[in-house]
Amino acid sequence: MIKARGLERRFRRKGRNGGEVHAVKGVDLDVSAGELVGFLGPNGAGKTTTLRMLTTLLKPTAGEATVGGCDLLADPLGVRRRIGYVAQGGGTAPASKVVEEIEFQGRLYRMSKADALARGAVLAEQLDLAGLDQRMTATLSGGQRRRLDIALGLIHSPGLVFLDEPSTGLDPQSRANLWDHIRRLRDEQGVTVFLTTHYLDEADALSDRLIVIDDGKIVAEGTPDSLKARVSGDSVVIGVSPESAAETAEVAGRLEGAHELTVTDGTVRFRVPRGDTAMPELLRALDARGIAMASMQVHRPTLDDVFLTLTGRSLRDAEEGAPVDAAAEKETTHVA
Ligand SMILES: Nc1ncnc2c1ncn2[C@@H]1O[C@H](COP(=O)(O)OP(=O)(O)OP(=O)(O)O)[C@@H](O)[C@H]1O
């Protein structure tokens with residue numbers, strides 16, 4: 001469905017300070033039909049720029065790709081006919097009725113009014129929007145508006161849909177509901193889904209496969225579980241009194257495979273291959289020395305741990321350090 005080789009995009013910064021931003025630095029992608037792929041990275045990593053290239057909205061500075069079986073550079077129209085694109089923030093006009101948006105989107109794809117409305121009715125059923133066609137889009141809830149954005153992106157029945165940050169701005173319940181709908185698009189309609197996200201939970205819950213991008217380059221790829229398996233061991237955090245912290249660390253350090261040991265005041269942190277089996281042994285050893293444990297947490301590795309292992313930074317820290325102009329020139333309309 002998607003095959004990209006060496007995709008690159010540079011931007012020239014406007015203004016006196018000028019300079020160049022190398023937003024995407026040679027990206028290779030392979031996505032098969034029926035996959036639900038998450039494209040994960042911090043703000044400013046190059047996700048939207050990659051997506052805009054793959055959807056023909058932005059010309060690559062270098063590289064090549066086929067999307068939906070059509071060559072990106074030689075046949076952009078063919079690509080557009082075969083894909084749906086739901087931009088960050090969507091593209092509905094607040095003063096339009098839902099039915100008008102559906103008709104308008106159908107017209108962009110040269111569909112007859114009757115065909116657009118018939119397809120709109122099917123999508124409304126699938127995306128839980130039935131009965132809302134006479135509502136002004138401004139009166140829809142965040143979740144309903146996001147589902148309408150997706151319905152508009154699917155009006156021409158594309159086999160591949162690109163979703164840019166689909167759940168941004170939604171409350172937890174609407175996000176979970178939207179994830180359900182996205183999963184069903186793939187499971188029940190067979191639509192291939194390529195979505196960008198900087199939410200670890202979204203990437204984890206939704207994607208069959210994750211592609212992680214940082215600073216314009218792919219830094220990892222695999223199922224969420226296989227990526228987590230790259231982080232060696234469970235993370236353990238033990239709380240003891242500050243006076244017994246050093247001795248606790250010494251005991252923990254003797255556990256088989258214990259590593260990344262640190263001590264701060266009364267908190268001892270380390271990683272160990274199997275936290276669940278190591279803990280009883282540690283408890284017995286501390287007990288024998290008369291050390292009382294005040295608290296204990298054992299965590300399976302998270303995608304944030306994966307990102308930290310790969311880049312030396314936590315995904316959240318990377319977000320905080322992201323450039324502020326990342327939102328510049330974001331698309332807010334659907335591909336026509
Ligand atoms: N039109 C533009 N002109 C100049 N720089 C740009 C332009 N578009 C993007 N950039 C820069 O390219 C880099 C990648 O931006 P991009 O929007 O692709 O990141 P992103 O991973 O999608 O981030 P976000 O999660 O915030 O959407 C950033 O440094 C951004 O500032």
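Index from 1, following the sequence. Counting convention: from 1, in listed order, for ligands and their atoms alike. In this text, all values refer to a predicted model and were calculated from it rather than measured experimentally.
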Heavy-atom proximity to atom 27 (O) of ligand 1 ranks first, among Arg12, His198, Gln88, Lys47, for Gln88

- Item | Arg119 NZ/CZ over Tyr109 ring centroid, <6.0 Å and within 45° of normal | no

Within 4.0 Å of some non-hydrogen atom of Asn43, the atoms of ligand 1 are 23 (O), 24 (P), 25 (O), 26 (O)

Here the atoms of ligand 1 under 4.0 Å from any heavy atom belonging to Pro42 are 21 (O)

Arg10 and Thr61: side-chain donor and acceptor closer than 3.5 Å?
no

Taken in chain and number order and not counting sequence neighbours, the residues that satisfy side-chain hydrogen bond (donor to acceptor under 3.5 Å, both in side chains) with Asp30 are Arg5

Exercise for review: Verify, without hydrogens or angle tests, whether Ser141 (side chain) and Gln144 (backbone) share a donor-acceptor contact under 3.5 angstrom.
Suggested key: yes

Quiz item: Would one find an N or O of Glu165, backbone or side chain, under 3.5 Å from an N or O of ligand 1?
Solution: yes

One finds that the ligand 1 atoms under 4.0 Å from a non-hydrogen atom of Ala45 are 19 (O), 20 (P), 21 (O)

Point to revise | Non-hydrogen atom of Gly216 closer than 4.0 Å to ligand 1 | key: no

Between Thr267 and Thr264, do the side chains contain an N or O donor and an N or O acceptor separated by less than 3.5 Å?
no

From the list Arg313, Arg271, Lys228, salt bridge (charged side-chain N to carboxylate O under 4.0 Å, His left out) partner of Asp305 resolves to Arg271

Q. Any N/O of Thr50 closer than 3.5 Å to an N/O of ligand 1?
A. no

Taking distance alone, with N or O pairs closer than 3.5 Å, would you say Thr49 contacts ligand 1? yes

Side-chain polar contacts of residues 110-118 - donor-acceptor pairs under 3.5 angstrom, sequence neighbours left out - could you list them?
unit_1	atom_1	unit_2	atom_2	d
Ser112	OG	Asp115	N	3.0
Ser112	OG	Asp115	OD2	3.4

### Task
Look only at interatomic distance and state if Gly44 has a nitrogen or oxygen under 3.5 Å from any nitrogen or oxygen of ligand 1.
yes

| Taking distance alone, with no angle check, do Gly46 and ligand 1 share an N/O pair under 3.5 Å? | yes

